[in-house]
J.: 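Got a structure for you, questions after.
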Amino acid sequence: MTRQRIVALLVLVACLLWILGSNGFGVGAAAALLPVLTTAGVYAVGGVGLNLQYGHGGLLNFGFVAFMTVGAYVMVLLLPHRSGPGATVAEGVVPLPVALVLATLAAAFLGLLCGIPAIRLRSDYLAIVMIAVAEILRILARDIPSVTGGVHGVLNYSDSLQDLRPEFVDGLADALNVQAFQLWLCVVAWASLVAVTLLVKGLMQTPWGLMLKAVRDDELAVRSLGKSPTVLKLQALALGGAIGGLAGGLLAFQLSQVNPDVFIPQITFFIFAIVTLGGTGSTWGPALGAVVFWTLLTESGALVSQVLGSGTAASATRYVIVGVLLVLLINFRPQGLLGRRRDVVLEF
Amino acid sequence: MSSSSEPATTVTAVAERPRGILQLDTLSKSFGGLTAVDIEHVEVPDSGVTALIGPNGAGKTTAFDLISGFVAPSTGNVTFAGQVVTHWSPERRARHGLVRTFQLTRVFDRLTVMENMLIGAMPSTHMRLTDSILRPAMTRRAVRQNRDKAMELLRSVRIDHMADALGRELSGGQKKLVEYSRALMCDPTLLLLDEPLAGVTPPVREEMVEHIRAFVDEGGVIVLVEHDLPRVMRVADHVVVLDRGRVLAQGRPDVVTSDERVLQAYLGSAHHE
Ligand SMILES: Nc1ncnc2c1ncn2[C@@H]1O[C@H](COP(=O)(O)OP(=O)(O)OP(=O)(O)O)[C@@H](O)[C@H]1O
Ligand SMILES: [Mg+2]
């Protein structure tokens, strides 16, 4: 085990202990841990998608939340749900696994749609195009209520997930003294996370993955050797987008309602923070980064409200704290917790 | 350039070789008011080493950019192996065997030397996402074979001990050698080398020269831009002299080097000292 991994493991344990500790290690402590872990798992899935695009492929995408928007809406609208001001009931179209697959495909398609005009541009233009796309999608979701339920959004779709809950989860939930539905969601989120992490890890070890890294380093050199970077970048954008779509679906279950206010640009920057914290271009960085990020955000919020009292000032202050920590991190450890310095720094 | 002022040797040289591998016709490139390249007609024979020489700023690198497709010409055509490739993308030209190196080396900084070599070697089909996922055994086998080939090439330019080093960790000369070997991994039929000896130590220079000779002996064609004139003259079969974008002379090395205008334009200072 390398020193870096030991440190990463210690950081992980410290995060878990911090949350448990601030809840007194008591009966309620596991219940306090669960929502943080679930949120972390969901965002980490998004992190894996962004890491494929940005960490491995060098595609700057400041509108990553667009993929999550598409994933979330496509999934919930295919499941039995209620929507709109009257909470109109709608029948399910397909079972949950199919809905999730279609959601990821839709997100991948969005990647192609945005990529085909934008991928030939420099990566900062792609970033700008994606910001615009994400905002347009959010506003569309608000302004076509007949499809998306408008500002009232979509509700009551979570049974589709809970109906699939196996028995053992209920037993385990009893033993841990947590809610079974929450535990099940956490299990699903982390299982998805492990799956997509291993998928991307495997991909990056193939010649395709090697090419993607070469494209990130020097597109012109790749072309001089007879390989076209365009298709490869599109594939990375679509594949990362599909993973983002999955994250969007998971986020929908975690929030138990989907509306336009959910998919604000802030989510993209949370995920960027997570990828940076964990280590851009690293395998397990998004998972670790997400746990650290959400522990910091949750627990520093708790600390701040002890000092300032709860209120807007307190909830804003925690973002300041996390922001300052990120700036320090980028200065002193740009490769994050698990990354390799060579992947992020151009000169030693 | 009026034909009457051209050396007679040039005319005969061209007439003797009607089927060159590369042909440039009224090829020009202007950057704003500056005409960097203005070539009436150049034909690269389909064997041997053709040296492209000329003073700094003569337009040699720009000519390479035009031939390899990285820069679109203002006028004219590039014909490669009988096909007009003027509107082909650089990657398409490279896939057809027209491969170049860069004066300012472009090694993949964050890949190892071996990985750099593999990028050169892989047929683009093996890099396909579908093949990487669905036919892992095939891609693994391809990688293994290419690894052996790469090691052999690296050994021949004496940088095999750097195989696991990152691109960014190489010295300037080592980068030149990696870029050269990486281009050879593509199995080019026509290789454009932009100052491959720059920054390379004399003993390795000699080996490079031998390397280049061995490559053409096996049927490859090289266009060489290089300021190390003694070595250029030793390795070249055909010389094209550029000056301010125009072809000043072309022909056999001994004929070109004795051309008075070439001596003035290029060898001028050394000649008169
Ligand atoms: N992108 C560009 N924009 C403007 N001018 C350019 C550009 N590229 C080249 N030039 C000009 O074109 C001329 C030819 O440049 P080029 O790099 O082809 O010369 P060269 O023969 O390769 O010189 P050297 O031996 O120094 O490498 C120079 O005057 C240069 O300033
Ligand atoms: Mg040059």
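As a basis for the values below, the full set of heavy atoms in this structure was taken, side chains included, without hydrogen atoms, waters or symmetry mates. Throughout, protein chains are lettered first and strands after them, A, B, ... in sequence-line order, and every chain is numbered starting at 1. As the structure is a computational prediction, the values presented were derived from the model and not from experiment.
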J.: For residues A:Pro207 and B:Val143, report the shortest heavy-atom separation together with the two atoms involved.
T.: CG-CG2, 4.0 Å
J.: What's the separation between atom OG in A:Ser224 and atom CD1 in B:Ile119, rounded to the nearest 0.5 Å?
T.: 11.0 Å
J.: Just so I understand: if I count every heavy-atom pair under 4.5 Å between each of B:Gly69, B:Ser68, B:Ala94, B:Gly97 and chain A, which residue has the most?
T.: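 Of B:Gly69, B:Ser68, B:Ala94, B:Gly97, B:Ala94 has the most heavy-atom pairs under 4.5 Å with chain A.
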J.: Could you check if a side-chain atom of B:Val107 sits within less than 4.5 angstrom of a side-chain atom of A:Asp218, using non-hydrogen atoms only?
T.: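 No, every pair of side-chain atoms sits at 4.5 Å or beyond.
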J.: For atom CZ of B:Phe215, is the number of surrounding heavy atoms from other residues, nucleotides or ligands below 6.0 Å larger than 12?
T.: yes
J.: Given a strict heavy-atom distance threshold of 4.5 Å, which part of A:Leu232 is in contact with chain B: side chain, backbone, both, or neither?
T.: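 Just its side chain gets close to chain B.
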J.: Between A:Arg223 and B:Glu91, is any pair of side-chain heavy atoms under 4.5 Å apart?
T.: yes
J.: Between A:Ala221 and B:Phe102, which heavy-atom pair has the shortest distance, and what is it?
T.: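 In this case the closest contact between A:Ala221 and B:Phe102 is CA-CE1, 4.4 Å.
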J.: Drop me the distance from B:Asp109's CG to A:Lys213's NZ, to the nearest 0.5 angstrom.
T.: 14.0 Å
J.: Where does B:Arg182 contact chain A at under 4.5 Å (heavy atoms): side chain, backbone, both or neither?
T.: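 B:Arg182 touches chain A through backbone and side-chain heavy atoms alike.
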J.: Could you check whether atom CZ of B:Phe80 has more than 12 heavy atoms from other residues, nucleotides or ligands sitting under 6.0 Å from it?
T.: yes
J.: Might you point out which heavy atoms bring B:Ala183 and A:Leu225 nearest each other, and give the distance in Å?
T.: CA-CD2, 4.3 Å
J.: Pick one of side chain, backbone, both or neither for B:Leu118, based on which atoms fall under 4.5 Å of a heavy atom in chain A.
T.: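 Side chain only.
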J.: Nearest 0.5 Å please: distance from the CD atom of B:Glu115 over to the CE atom of A:Met211.
T.: 13.0 Å
J.: If we only count heavy atoms from C-beta on, is the B:Arg95 to A:Lys227 side-chain gap below 4.5 Å?
T.: no
J.: Which bit of A:Val231 comes within less than 4.5 Å of chain B, counting heavy atoms only: side chain, backbone, both or neither?
T.: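 Neither part.
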J.: Tell me every residue that passes salt bridge (charged side-chain N to carboxylate O under 4.0 Å, His left out) with A:Lys233, counting only those two or more places apart in sequence or in another chain.
T.: A:Glu219
J.: Within a radius of less than 6.0 Å around OH of A:Tyr125, do more than 12 heavy atoms belonging to other residues, nucleotides or ligands occur?
T.: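 No, the 6.0 Å shell around OH holds no more than 12 heavy atoms from other groups.
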J.: Nearest heavy-atom pair of A:Asp217 and B:Arg110: which atoms, and what distance?
T.: OD2-N, 2.5 Å
